[in-house]
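Working notes, beginning with the structure itself.
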Amino acid sequence: MDSLVEEIKQKFKPKIRPIEWSGDKLVLLDQRLLPFETKYVEARTVVEVANAIRDMVVRGAPAIGITAAFGMVLALVENKPASVEEALKTLAKAREVLSKTRPTAVNLFWALDRMYNKALELASMISSVREMKEGLEAEAKRIFEEELEAEIRMGLYGAEILEDGSTVLTICNAGGLATGTGLGTATAPIYIASMLGKRVSVIAPETRPWQQGARLTVYELVENGIPTTLIADTAVGLVMYKRMVNIVMVGADRILLDGHVFNKIGTLNEAVLAHEFGIPFYVLAPTSTIDTRSKVEDVKIEERDPDEVRTVRTSQGKVYVTLREVAVYNPVFDVTPPKYITGIITERGIATQPLGINLRKLLKRL
């Protein structure tokens, strides 16, 4: 597979680049404005990176992790610590600030821990802050490259499952915008199958209330030449009943070792319906998304501003579609029990049922 991975890496030229690093700043595609406006936000400080993550300028678990990794580098650029000891204190503060931005995406904490542990490793070998900055910059770039390679490998495993003429149902945006690479997790098999000559189309639910399916998934799939149909979230059941799709592929923000999957709200609906109608349901995510320590009850599901549900966003601003004072429950994610999942596709292979056993076997290959 290695040679094929390298071949695809050379061939895949994404039209959309969500994250760009330029040495002293991070340039992020503002995903809140897509698909109608293409605007980039420059982040030069840890607080600016934290705001970009919290305010969903950048979103998607892998992209959040990559962004946070470069945010750790910016902590040194911004604060200019005088010694390696001061640099470690600066990085510890940056990690604390960035860790409070999005509580559910495990990649965020994985990337922050990896960057801080790398700093501790470097501190025992170097004598200057410049060397610390260079080492952390190289580590952040490595995280990006590893993510891209992982997505290609996931894509190859997933492309084997897709038949010529397949129609894939997804949810939210688990594409290149969500991972920062331009390829994506749930979309990787679609792009790679298409590159390998298979005809693949997609049905994308709108994904209320932020409309990531309508605004982002449709945008990037169409930009990359994939036949795509948009549906209302509430049409998923009928689409399955009418056999308009033959496979479901979604991403994940956190996967527990027992096979529970935390992903965008609405994923559970699709999983239960797919199970009822006998449609294969696959989750795609890198192994960095697997949380080896938490139990279901440990995971905090993020809740956001009630006005995201009370309103719709227009070019003129927010427009209320209901009573301003009505109570709202606005969870960003839901949890899908393992019994509804056909398999979890990672860069190391596919974990099938029983997930609790096979995810552990898969991780032992690392």
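Only this structure's heavy atoms are used, side chains among them; waters, hydrogens and symmetry mates stay out.
- L76 places a side-chain heavy atom less than 4.5 Å from the side chain of P81.
- The shortest side-chain heavy-atom distance between L257 and L363 falls under the 4.5 Å cut-off.
- Tracing side-chain contacts under 4.5 Å through hydrophobic residues (I, L, V, M, F, W, Y), one never reaches I290 starting from V299; they form parts of separate clusters.
- Checked against E302 for a salt bridge (charged side-chain N to carboxylate O under 4.0 Å, His left out), the options R102, R254, K264 give a single hit: R102.
- Proximity of R243 to M240: side-chain heavy atoms (C-beta onward) are nowhere separated by under 4.5 Å.
- Residue pairs meeting the salt bridge (Lys or Arg N to Asp or Glu O under 4.0 Å) criterion with at least one member in residues 114-123, sequence neighbours excluded, are R114-E139, R114-E146, K118-E121.
- Environment of CZ in R324: sparse, with no more than 12 heavy atoms of neighbouring residues, nucleotides or ligands closer than 6.0 Å.
- Side-chain atoms of E347 and Y157, non-hydrogen and from C-beta on, never get closer than 4.5 Å to each other.
- Between N263 and V283, the closest side-chain pair of non-hydrogen atoms is not below 4.5 Å.
- When the side chains of ILVMFWY residues are joined at heavy-atom separations under 4.5 Å, either directly or via intervening members, F262 and W110 end up in two distinct hydrophobic clusters.
- Within a 6.0 Å sphere centred on CZ of R17, heavy atoms belonging to other residues, nucleotides or ligands number 12 at most.
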Just do the side-chain contact (heavy atoms from CB on, under 4.5 Å) check on I192 and S194 with the steps written out, would you? CA-CA 5 Å; I192 290 176; S194 181; over 6 Å; no
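- Other residues, nucleotides and ligands contribute more than 12 heavy atoms inside 6.0 Å of the NZ atom of K318.
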In sequence, state the C-alpha distance, the side-chain angles, and the governing distance for I190 and T170, and then conclude on side-chain contact (heavy atoms from CB on, under 4.5 Å). CA-CA 11 Å; I190 297 162; T170 186; 5.9 Å; no
Verify side-chain hydrogen bond (donor to acceptor under 3.5 Å, both in side chains) between D253 and T289, making sure each step is shown before the conclusion. CA-CA 6 Å; D253 284 78; T289 304; over 6 Å; no
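- For residues 157-181, every residue pair satisfying the salt bridge (Lys or Arg N to Asp or Glu O under 4.0 Å) rule, not counting sequence neighbours, is listed here: D164-R199.
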Stepwise side-chain contact (heavy atoms from CB on, under 4.5 Å) test for L91 and L136: CA-CA 11 Å; L91 291 166; L136 290 182; 3.6 Å; yes
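- With a 4.5 Å cut-off on side-chain heavy atoms, Y191 and L221 count as touching.
- With hydrogens and angles disregarded, a donor-acceptor distance shorter than 3.5 Å links the side chain of T228 to the backbone of I226.
- No more than 12 heavy atoms of other residues, nucleotides or ligands sit less than 6.0 Å from atom NZ of K39.
- Within the cation-pi definition used here (under 6.0 Å to the ring centroid, within 45° of the axis), R32 does not qualify as a partner of W210.
- No side-chain heavy atom of I161 sits less than 4.5 Å from a side-chain heavy atom of P189.
- Distance alone, capped at 3.5 Å, is enough to place a donor-acceptor pair between the D233 side chain and the E206 backbone.
- At a threshold of 4.5 Å between non-hydrogen side-chain atoms, the residues N173 and E220 count as touching.
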